[in-house]
Amino acid sequence: AQSVTQPDIHITVSEGASLELRCNYSYGATPYLFWYVQSPGQGLQLLLKYFSGDTLVQGIKGFEAEFKRSQSSFNLRKPSVHWSDAAEYFCAVGVMDSSYKLIFGSGTRLLVRP
Amino acid sequence: GAGVSQSPSNKVTEKGKDVELRCDPISGHTALYWYRQSLGQGLEFLIYFQGNSAPDKSGLPSDRFSAERTGGSVSTLTIQRTQQEDSAVYLCASRLIGHEQFFGPGTRLTVL
């Protein structure tokens, strides 16, 4: 069965520090992978996505993620965190039947220290 | 252009009552999804509509939950005889081509 694991429930970083949020997936074929961000009281906003090709993908707001098939991982990174990045981050895999429904990880809440 | 909209933004109801939640997808988007976000279960898929095809209802947690999509546009999620465990944020998303889903702001449902 498909699944997504985000092992870190909370992460706290200082403003200006680098960030890496972990995501591991279980899927039988080449996955479609996504990172979404949710600010308090808001819906989900797509940060970036991987379908095929270059395994390092760039997204909005200075985020990037690297697909590593050998590790079944799709970690999200940012070189310098801003206070406005404080939010909850969700990794998801797209189910490749006709629906492309998303299976989400449990999320990682990012706190940013001034 | 306008994004996905949902109404109401908040709904408080009493246990046993029925509720209807509405989703207006992005104009022209043929695919529409409902997800539920709750403390205990995280974000989980409920139901998927694509054009005139039969919906994928595989995520609906019980027969108290139903949804319809009229005219290929607006969708309504109905929960009958609400229970406290139905308290959650209900998110709607739509998709055109490709695989990116655009999410609405959600409806926060509280069952007292």
Side-chain angles (χ1 to χ4, degrees), chain A residues 1-10 23-25 27 29-53 57-60 63 65 67 74 87-109, chain B residues 2-10 21 23-26 29-60 67 69 88-108 110:
Chain A
Q2 307 99 339
S3 66
V4 178
T5 301
Q6 294 180 248
D8 303 305
I9 298 174
H10 294 100
C23 172
N24 291 95
Y25 66 89
Y27 196 73
T30 299
Y32 292 162
L33 294 163
F34 304 82
W35 275 99
Y36 282 86
V37 61
Q38 186 178 37
S39 299
Q42 303 294 313
L44 296 167
Q45 181 182 23
L46 181 69
L47 286 176
L48 47 78
K49 58 192 176 187
Y50 171 79
F51 296 154
S52 65
V57 294
Q58 303 296 320
I60 63 171
F63 286 92
F67 170 59
F74 188 57
E88 189 148 22
Y89 292 80
F90 293 92
C91 181
V93 63
V95 176
M96 287 191 292
D97 56 16
S98 58
S99 73
Y100 299 106
K101 57 181 171 270
L102 297 175
I103 296 173
F104 287 91
S106 54
T108 297
R109 182 166 297 280
Chain B
V4 178
S5 62
Q6 294 185 244
S7 60
S9 55
N10 282 283
L21 312 180
C23 172
D24 282 272
I26 294 172
H29 280 198
T30 55
L32 186 147
Y33 304 78
W34 284 96
Y35 294 86
R36 181 170 69 173
Q37 185 173 23
S38 59
L39 284 177
Q41 302 298 322
L43 264 162
E44 53 183 345
F45 165 79
L46 295 178
I47 189 169
Y48 159 71
F49 296 91
Q50 172 64 273
N52 295 322
S53 303
D56 176 352
K57 305 179 182 180
S58 60
L60 295 179
R69 189 178 184 191
V89 176
Y90 291 82
L91 293 167
C92 176
S94 69
R95 175 176 62 83
L96 179 55
I97 58 175
H99 313 295
E100 178 177 352
Q101 295 180 28
F102 294 84
F103 283 81
T107 294
R108 180 175 297 278
T110 303

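Every value quoted in this text rests on a predicted model; they were computed, and no experiment measured them. So that the names make sense, note that chain A is the first sequence line, chain B the second, and so on, each numbered from 1.
For B:T107, no part sits under 4.5 Å from any heavy atom of chain A, backbone or side chain. Of the two parts of B:R95, only the side chain, counted from C-beta on, holds a non-hydrogen atom closer than 4.5 Å to a non-hydrogen atom of chain A. In this structure, chain B has a heavy atom under 4.5 Å from the side chain of A:L46, while its backbone stays farther away. For A:S106, no part lies near chain B; criterion is any non-hydrogen pair under 4.5 Å.
Annotation: the span from A:Q38 atom CD to B:L91 atom CG amounts to 6.5 Å, rounded to 0.5 Å. The OH atom of A:Y32 sits 14.0 Å away from the CD atom of B:E100 when rounded to the nearest 0.5 Å.
At least one side-chain heavy atom of B:F103 sits under 4.5 Å from a side-chain heavy atom of A:L102. Between B:Y48 and A:K101 there is no side-chain heavy-atom pair separated by less than 4.5 Å.
Counting only distance, with no hydrogens or angles, the side chain of A:Y100 and the backbone of B:Q101 share no donor-acceptor pair below 3.5 Å.
Heavy atoms from other residues, nucleotides or ligands lying under 6.0 Å from CG of B:N52 number 12 at most. Within a 6.0 Å radius of CD1 in A:I60, more than 12 heavy atoms belonging to other residues, nucleotides or ligands are found.
Between chain A and the residues B:F102, B:Y35, B:F49, the largest count of heavy-atom pairs under 4.5 Å involves B:Y35.
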